[in-house]
K.L.:
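Before I ask anything, here is the structure I am working with.
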Amino acid sequence: MNLPADTTLFARVLAKTHEYLDFPSVVGHETPFLDHLARDFTALGCTVERSQNLCVIKLGEPGPVYLAHADRHGAVIAEDGAAIYAAHAVKNTKYADGAKASETFTDIVSKRYASPMTARPAGAWPMA
């Protein structure tokens with residue numbers, strides 16, 4: 001592997017990337033992650049504007065950086081070992097029984113992640 005000339009900067013970028021990927025940001029509940037990003041950029045001296053599902057970093061020229069769609073799909077593992085769509089696990093914890101996923105929707109999402117070859121619709125993007 002060829003390391004960049006500034007290995008200290010490279011290590012910092014990798015550490016920050018790891019931190020961001022470790023931070024939960026499931027679909028519909030990305031606000032804490034966007035708040036985390038806003039705090040990071042504010043600490044660097046940037047002017048930051050936050051609104052629902054959007055974080056704008058004001059950098060002057062050439063313009064602002066818009067951070068949106070910071071949510072990620074995925075599954076969490078329940079105590080019984082079952083994989084549960086993470087967004088619904090969060091919603092069910094937050095709202096109790098008021099946000100149960102429909103069996104059909106859960107089935108569709110589960111199939112998306114079941115197998116790379118069977119998860120895509122016929123004629124969709126080719127697998128590499």
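Nothing fancy with the numbering, it's 1 onward along the sequence. All figures in this text were calculated on a predicted structure; none of them were measured in a lab.
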K.L.:
Any side-chain heavy atom of Leu37 within less than 4.5 Å of one from Tyr20?
P.N.:
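Side chain of Leu37 against side chain of Tyr20, heavy atoms only: contact under 4.5 Å found.
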K.L.:
Within the side chain of Ser25, is there an N or O that forms a donor-acceptor pair under 3.5 Å with the backbone of Ala70?
P.N.:
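Flag set: sc Ser25 to bb Ala70 pair under 3.5 Å.
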K.L.:
Could you tell me the separation between the CZ atom of Arg12 and the OG1 atom of Thr7, rounded to the nearest 0.5 Å?
P.N.:
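It comes to 12.0 Å.
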K.L.:
Check for me, please, whether Phe23 and Leu44 land in the same ILVMFWY cluster - side-chain distances under 4.5 Å, paths through other members count.
P.N.:
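Same hydrophobic cluster.
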K.L.:
Among Asp40, Asp35, Thr31, Leu34, which residue meets the side chain to side chain contact (heavy atoms under 4.5 Å, CB included) test with Cys55?
P.N.:
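Going through the options one by one, the only one that passes is Leu34.
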K.L.:
Are Phe41 and Leu67 packed together at the side-chain level, in the sense that at least one heavy-atom pair is separated by less than 4.5 angstrom?
P.N.:
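Result yes, sub-4.5 Å side-chain heavy-atom pair found.
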K.L.:
Kindly compute the distance separating CZ (Arg50) from CZ (Arg39), expressed to the nearest 0.5 Å.
P.N.:
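Here the rounded value is 9.5 Å.
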K.L.:
Do Leu59 and Cys46 make a side-chain contact, defined as non-hydrogen atoms from C-beta onward lying under 4.5 Å apart?
P.N.:
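With C-beta onward as the side chain, the pair touches.
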K.L.:
Nearest 0.5 Å please: distance from the CG atom of Leu21 over to the CZ atom of Phe33.
P.N.:
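Those atoms lie 7.5 Å apart.
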K.L.:
Please enumerate all residues that pass side chain to side chain contact (heavy atoms under 4.5 Å, CB included) together with His69, with sequence neighbours excluded.
P.N.:
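Only Asp71 meet the side chain to side chain contact (heavy atoms under 4.5 Å, CB included) criterion with His69.
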K.L.:
Check side chain to side chain contact (heavy atoms under 4.5 Å, CB included) between Ser51 and all other residues, then give those that pass, not counting sequence neighbours.
P.N.:
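Applying side chain to side chain contact (heavy atoms under 4.5 Å, CB included) to Ser51 gives Leu54.
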K.L.:
If we only count heavy atoms from C-beta on, is the Lys58 to Val48 side-chain gap below 4.5 Å?
P.N.:
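When only atoms from C-beta onward are counted, Val48 and Lys58 do not touch, as no gap falls below 4.5 Å.
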